[in-house]
Structure formats: structure tokens, C-alpha cells
Amino acid sequence: WYDIFLCGSLRNYLGIKEHGGSDAARNGQRLLVVIGGHSGGGRKIGEVDFGEHAEIDLDALTFRWYDHILKGADNGVENDKPVKIFVMGDNVWRDEDAWPPARARETRFYLHSGGKANGLQGDGTLSSTAPQTESSDQYVYDPEDPVPTVGGPLCCDGYHLPPGPRDQRPVEARGDVLVYTTPPFKKDYEVTGLVSVELYVSSSAVDTDFTGKLVDVWPDGFAQNLTEGILRARYRDSREKRQFLNPGETYKLTLDLWATSNVFKPGHRLRLEISSSNFPRFDRNLNTGGSAAQTTHMVKATNTIYRDTAHPSALVLDEIPR
């Protein structure tokens, strides 16, 4: 779940199941999702201990498959369910018939506030109730002072950028991070599947980024990042064709936050962070339409998130009924 290649692995699995060149290819796919991947192995990933059941003997599993595929061993591996995932929160392994699970239901948590969702001390909330008439939220993104990367699905330089789940409160204290949080859950609430954010936005700049991060807030306040994503506005409709923004015009954007499997335990809260940078994991947008590799010229961007009947900005996720 904290691997930099999570999104590609999930898409490859689904893509070959749908478009594989033979029945054997389409039906022979298997998916295993561990916790850390490139972010580490074992029971403790980042700042979170996932318990005694977190560790799995990947070597034994690999050799079991090699024996079956390369030696023709009749060891029963072909009878296993095709999907095996670690469910965080409950901290257990679970076998599934499909990814995402067929029983997952798309659920929306709408963004609400009194216009001051900036930072942990703001008034941003999440609920299943769609907005009616509410003021917008606004922040200033300054490329010279980007929101720093804290944990997440990182790879290959743990000394400078420690990966995995880490407390997001230092990031959430910033005024250029919008924070929306549910009330504490009274019973287990499971999210297993795809995660995205639908945002209605405008900007004072011709180009800017929008970032999202799904967070599990523990009763003691520890803010565990689960999954995250980013969209560069000029590539909102196509990665091949740039379309710059008209400053002040409202656009609907969809941010892909990849996927997760997490049970929010009683007393925990679900949180969404919205900002415009996550640096240095993602390249800074200079807000000029230019590339940071070609110029040092940059400007500040005033970015606005709208929340009303015509602009129902929302977190969209796969809920598993319990």
C-alpha cells in the first residue's frame, strides 16, 4: 500500500485480466498487496506497527508459484483466490475474488466548511450530506515555499525522504493545506478499493497543481497518511495536449489518489488534505505554464475550492459494508 508502483501494479492486473491475449493469461492473473513494498518490509512500516500478522514469507510464496508454473507441480496454488491483500486497521490478511471487491460500493464524502478550512485549526469537515450554499475555501500556493513531502509511497532514498505512514500534523498545520475531517467513527468503517477526489476549482494562475491525501486520524491525533495523488491542471483532460487555465474560471478536476485497504476503527476519523504541492516527491508547479527544468521564474497562485449545489466537491472511495 505504500509502494511507489502500487497504481501501475493494480492497473496491470486489471488490464491483463481484461485484455490478455489468451484465456490462460486473462484467468491466470494473481494479485498480492503487502504493506510496504519499496517502503520497507516486516511488521513496522514508517511509524506504524501493523502487528504480528503483517509479515509474510514472500520467498515461500514465490517458490510455490515457480514450482507450479515451471515444474508443473500440483500443489494447489491454482485453487487459491486470485486476490490477497493486507487490510490495515484490522491488520489481517484477506483473500478476495476480485479487485476491487465486488461488494465495494462507491461512496462520497462531501467537503464542507465556513470558508476557513485552512490547516488543523480550520473548520473543514466531511460528511455524506451534499453541500447547498456554502462559501468557498481559498489558499495561496507559493512555489518558493512548497508543502513538504512527509512519508508516503517513496522509493530509494529513505535517508533524506523516509517513506511509509508518518504523522501528517506538521503538514496539516500549514495555512496552504485545506483539512477536512469526519467526526469520530462509532464502529468499524472499511475503505478497500479505489480513491479519488472530485474538485471544483479556480486559480489566479494559468497553471497550477492540486494534491489530495487520504488520512486516518487516530484518537491521540496521530494522522496516518494512507494514499495520495496529484493533478497538474494543464493536463486535466489529456497528458498529451496542454490546456492552460483561464484565471478565475471554474473547472471540475478529478484527482486519482490510487487505492488503499484500511479499517477506520471506533474513535478514528477520516481526513482529506487538499493543497497544491507535495515536494520533493512531486515537481513543483511554478504556476507560469513553464517547466522548472527550463526557468526559475515563478509566481504565487491563489487557488479556490468551491462547495455548493452546483459544485459538490467530494472525496470518492470504495466502502466495504460491515
Side-chain angles (χ1 to χ4, degrees), residues 1-39 41 45 53-108 153 155 190-198 214 226-231 235-241 254-263 315-322:
W1 299 119
Y2 292 95
D3 193 290
I4 195 170
F5 300 115
L6 171 67
C7 183
S9 298
L10 297 176
R11 289 180 177 176
N12 284 342
Y13 173 75
L14 294 172
I16 299 175
K17 279 186 69 67
E18 183 174 354
H19 302 293
S22 68
D23 285 341
R26 291 188 293 273
N27 297 325
Q29 298 307 303
R30 298 294 187 271
L31 176 66
L32 169 69
V33 187
V34 300
I35 310 166
H38 282 84
S39 289
I45 310 294
H53 301 297
E55 298 188 64
I56 188 171
D57 191 340
L58 290 175
D59 288 342
L61 184 61
T62 300
F63 280 120
R64 186 173 174 229
W65 270 101
Y66 280 173
D67 286 345
H68 173 69
I69 295 171
L70 303 178
K71 296 181 178 180
D74 185 11
N75 56 16
V77 70
E78 71 277 11
N79 298 322
D80 293 346
K81 287 192 175 184
V83 176
K84 189 179 189 68
I85 59 175
F86 188 83
V87 182
M88 299 181 289
D90 275 353
N91 294 340
V92 296
W93 289 96
R94 194 167 71 205
D95 296 325
E96 295 282 356
D97 292 313
W99 175 261
R103 65 190 181 284
R105 61 189 185 195
E106 186 176 276
T107 302
R108 277 173 165 74
C155 172
E190 180 177 343
V191 176
T192 294
L194 307 180
V195 183
S196 63
V197 181
E198 294 177 354
L214 180 66
L226 295 172
T227 190
E228 59 195 50
I230 189 171
L231 179 66
Y235 297 122
R236 61 193 178 276
D237 296 323
S238 168
R239 295 185 182 180
E240 288 74 37
K241 182 181 179 181
T254 299
L255 280 60
D256 183 0
L257 269 56
W258 293 9
T260 194
S261 180
N262 185 74
V263 177
L315 168 68
V316 185
L317 44 76
D318 283 339
E319 174 188 348
I320 301 296
R322 287 199 160 209

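Put simply, the side chain of Leu10 reaches to within 4.5 Å of the side chain of Leu31, judged on heavy atoms. Taking 4.5 Å as the limit, some side-chain heavy atom of Met88 sits within range of a side-chain heavy atom of Tyr2. The shortest distance between side-chain heavy atoms of Asp95 and Asp80 does not fall below 4.5 Å. The side-chain heavy atoms of Glu96 and Thr192, taken from C-beta on, include no pair separated by under 4.5 Å. In this structure, Leu58 and Val34 have side chains that are in contact, with non-hydrogen atoms separated by less than 4.5 Å. A 4.5 Å side-chain heavy-atom check between Leu257 and Val316 finds every atom pair outside the cut-off.
Not one N or O on the side chain of Asp3 forms a donor-acceptor pair closer than 3.5 Å with the backbone of Trp1. Between the Thr107 side chain and the Arg105 main chain, a donor and an acceptor come within less than 3.5 Å of each other. When atom types are taken as modelled, the side chain of Thr227 and the backbone of Thr260 share no donor-acceptor pair closer than 3.5 angstrom.
Ring geometry, Phe5 versus His38: the interplanar angle exceeds 60°, so the pair is classed perpendicular (tilted spans 30 to 60°).
With respect to Arg103 and Glu190, no salt bridge is recorded, no charged nitrogen being found less than 4.0 Å from a carboxylate O.
Here Leu6 contributes atom CG and Arg11 contributes atom CZ; the two are 10.0 Å apart, rounded to the nearest 0.5 Å. A distance of 12.5 Å separates CD1 in Ile16 from CG in Asn27, rounded to the nearest 0.5 Å. Between the CG atom in Leu194 and the CG atom in Leu14 there is a gap of 8.0 Å [rounded to 0.5 Å]. Taking NZ of Lys84 as the start and CG of Leu61 as the end, the distance is 8.0 Å to the nearest 0.5 Å. Of the inter-residue distances, the one linking Lys71 atom NZ with Ile69 atom CD1 reads 13.0 Å to the nearest 0.5 angstrom. Note: His19 NE2 to Arg26 CZ = 10.5 Å, rounded to the nearest 0.5 Å.
Of all heavy-atom pairs spanning Trp258 and Ile4, the tightest one is CH2-O, 3.3 Å. Between Arg64 and Asn75, the shortest heavy-atom distance links the atoms O-ND2, 3.0 Å. Scanning all heavy atoms of the two residues, the minimum distance from Ala54 to Ile35 falls at CB-CD1, 3.6 Å. Closest of all the heavy-atom pairs between Arg30 and Lys81 is CD-O, 4.3 Å. Nearest approach of Val33 to Trp93, heavy atoms of both residues: O-CZ3, 3.5 Å. Residue Asp318 comes nearest to Ala104 through the heavy atom pair CB-CB, 3.9 Å, listed as atom of the first residue, atom of the second, then distance.
No more than 12 heavy atoms of other residues, nucleotides or ligands lie within 6.0 Å of CZ in Arg239, so this atom counts as exposed by the packing criterion. Summarising the local packing, OH of Tyr235 is surrounded by more than 12 heavy atoms from other residues, nucleotides or ligands at distances under 6.0 Å.
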